Amino acid sequence: MGVNSAGNADVLVGVRVMGRVRASIAGRATQLLLVLAFVAVAFISLVGIGASAVIVETVQGSGSAVNAAGGLRRLAHRAASVALAAALDGRTGHAEVAAAIGAFEAGLGHATLEKVLEHEPGSVFASVYRSIHADWYVNLRPRLLGAPELASESPDVLFYEDLLADVDAFTAQIDALVAVLEQETETGIEQLRMTLAVALGMVMVVMVAALCVIRQRVFMPLTELRDCAARIASGDFRARSRYTGRDELGRVGSAFNAMADELSTVYCDLEQRVEQKTADLMRSNRALELLYHVIARLYHAPASPETYAETLKDLEQVLGLKGSFVCVQPKHGGVATVLSTTMGDCPARSRSEEECTHCPGRTMPWSYRREGDLDVFLVPLRDADHLYGMMRLALPPGERLRAWQHTLVEAVSRHMGIALGISHQSERERLLALQEERSIIARELHDSLAQSLSYMKIQASLLSSALQRPERRDDASDILADMKGGINAAYRQLRELLSTFRLQMEGDFARLLGSTVEEYAGRSGMPIDLEIRLGVCHLNPNQEIHVLHIIREALSNATRHARASSIRVGLFGHPDGVRVIIEDDGKGIRPAAATEPHHYGLAIMAERARGLGGVLEIVPPPDGGTRVSVRFDPAARHEASSPAPTAEAQ
């Protein structure tokens, strides 16, 4: 078992190693193919060059050998000619013949012929060469050296004819040897040409195959990847590379496809998120637009039924409601008041008055309840302290408001509740203002006409008593004069009151003061200077009314009684309050005049000054005339700024 386990482990290791080798080779297949192509080209070139060198080495010296072999014919014929010429001259001529034979044998042993013979000892050339060599030394050379001397009168003609015939046959063998050499040379050149052609053809085949491989496995995948990248850059994330595999560019294609898949997924996710965000923004814009219109309508008409009708119409369009209803809670019992409805009356409201008192929206606000074929959402209309009404929204059965719809309804209902609260508060403020105005009128009448009438009532009693007693008839005339003065004073006070009640605070305070000064200046014909330097001091409307009436009363006294040539009116702000000054250069006022009876105007000014929380001062200035001044703190809370009904008015 141990041996088998070790063997299996070795097999597994071997399989893994082979797998890694295959993966490494597959991952570098293109690179290996290109390297193999270059190696093949180099190998073919080396083989061709080597073969060509061998062939050239073989053919080298063939031309010299041909020339040397061709020279043998001339030397053979010369040797025969020398022997024949010596015989014709009648001498032996052995020396000349031996020299010719030596020249022939030197040519026969030429180095080039020996080299060819040495390289190709079994070739046709060697066979022919040995035949010529043997025929020369065995047949022709002895016969040349053994030629008889010829006598002129009896030459051995037959011998020389046979010798010449043998020489011709011998030269025929030399021609054959030359032909063999020429044929072998041509064969070598042809072999060299064929070797070079084959090498060039193989190089071309390898190069064409390499180019095809490069085009198929490099350029085409790169071109496809470039096109796919361009399509992805233009937004087409469906582009995929068809060239995938285990080689280099196949892995690049697989990685590119994986990247395209990831980009496509991310882009689709982004598109969905953008669409979702766009829908959210559109929904938010619609909600904000609805809230804007709701707030604008409620601001201008917080309790108008038209306002709630338009608001419910917009709310139904935004939320897709089946109907809506808004009512206001009864103030003193009874049923609620319907402001607007698009779904008919409330069932509880139509049954009895007590049903509105026990409205389910009070006990279970922000809840759904089934009414007929619809689900109704009960929304209370309230501010921080009070419940003012109820809004009912009808939805299809089973449908509920989503989070953003619930938030929108909550915001709209809150604004409706605040608007209803403001409307109630405004109504209460109007009632308080009306009550305050009636109290002021009562107080003014009590302090002016009522006192004058009371005084004239007393005078009338005194006059009646004086008329009944003759000794007091003189007193009756005085009493009647006082009554006439009182009636005139009462009439003047009545006109002042009418002027006061008709006074309208239109425009800002400075403009009203300017109009008042122009009015009295035009009425009296004397110049009146106005100077306003309140700084950071601010007067509320009630304080402005009191200050304006004090100035009007002071100007009236100055223009009527002071006999002044100029009047100055000033309002000055100080850190401790406001000072109002009306000063003239007239005859001045008696010190006791301010405390004397029947000077109702001075008394009213003093009362208004107390209402402001200040003090009225009437003093003569150093240069003569009269100075009326009032000091008060506008920031202090007192009767003038927060009026309340008085016991006298009640």
Side-chain angles (χ1 to χ4, degrees), residues 50-150 156-193 195:
S52 300
V54 172
I55 295 172
V56 168
E57 183 67 21
T58 304
V59 177
Q60 185 178 11
S62 297
S64 299
V66 171
N67 291 330
L72 292 176
R73 289 179 299 186
R74 179 179 59 82
L75 293 174
H77 282 293
R78 185 175 183 280
S81 298
V82 169
L84 183 59
L88 291 176
D89 291 341
R91 42 186 185 86
T92 56
H94 290 288
E96 291 83 357
V97 173
I101 290 173
F104 179 82
E105 289 179 351
L108 184 61
H110 195 272
T112 57
L113 297 176
E114 291 292 339
K115 185 177 180 181
V116 173
L117 183 64
E118 183 181 355
H119 289 172
E120 299 176 355
S123 63
V124 177
F125 171 79
S127 177
V128 175
Y129 180 82
R130 291 191 188 98
S131 175
I132 292 172
H133 189 276
D135 192 14
W136 171 261
Y137 282 102
V138 174
N139 184 19
L140 192 57
R141 185 174 185 275
R143 292 185 65 188
L144 290 173
L145 290 176
E149 296 180 356
L150 291 177
D156 190 354
V157 178
L158 294 177
F159 176 78
Y160 287 102
E161 287 179 352
D162 292 338
L163 179 61
L164 291 176
D166 290 340
V167 170
D168 290 340
F170 184 73
T171 57
Q173 293 183 19
I174 293 173
D175 291 341
L177 179 64
V178 172
V180 168
L181 286 174
E182 291 178 349
Q183 183 63 36
E184 288 182 352
T185 302
E186 291 293 333
T187 302
I189 294 172
E190 185 65 23
Q191 289 178 351
L192 177 61
R193 185 181 297 112
T195 301

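Just so it is clear, the model here is predicted, and its values are computed rather than measured. Positions are given from 1, in the same order as the sequence printed here.
The structure places CZ of Phe170 at 12.0 Å from CZ of Arg141, a figure rounded to the nearest 0.5 Å. Note that the OG atom of Ser64 and the NE2 atom of His110 stand 7.0 Å from one another [nearest 0.5 Å]. To the nearest 0.5 Å, the span separating CG on Leu113 from CZ on Phe125 amounts to 4.5 Å. Taking CG from Leu164 and OG from Ser81, the interatomic distance works out to 7.5 Å, rounded to the nearest 0.5 Å. To the nearest 0.5 angstrom, Arg73 atom CZ is 10.0 Å from Leu177 atom CG. Interatomic distance, CD of Glu184 versus CD1 of Ile189, reported as 12.5 Å (0.5 Å rounding).
With hydrogens and angles ignored, the 3.5 Å screen pairs a side-chain donor or acceptor of Tyr129 with a backbone N or O of Leu108. With hydrogens and angles ignored, the 3.5 Å screen pairs a side-chain donor or acceptor of Thr195 with a backbone N or O of Gln191.
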Evaluation steps, side chain to side chain contact (heavy atoms under 4.5 Å, CB included), between His77 and Asp168 | CA-CA 8 Å; His77 282 293; Asp168 290 340; 3.4 Å; yes
Which is it for Glu190 and Arg193 under the salt bridge (Lys or Arg N to Asp or Glu O under 4.0 Å) test, yes or no, and what are the steps along the way?
-> CA-CA 5 Å; Glu190 185 65 23; Arg193 185 181 297 112; 2.4 Å; yes
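Ala100 and Ala79 make their closest contact through CB-CA, 3.5 Å (heavy atoms, listed as atom of the first residue, atom of the second, distance). Val167 and Ala80 get closest at one heavy-atom pair: CG2-CB, 3.5 Å. Residues Ile55 and Gly188 approach most closely at CG2-O, 2.9 Å, considering heavy atoms.
When side chains are defined from C-beta on, Trp136 counts as touching Ile101, because their heavy atoms get closer than 4.5 Å. Using a 4.5 Å cut-off on side-chain heavy atoms (C-beta onward), Leu72 and Val178 make no contact. Side chains of Leu75 and Glu105 form no contact here, defined as non-hydrogen atoms less than 4.5 Å apart.
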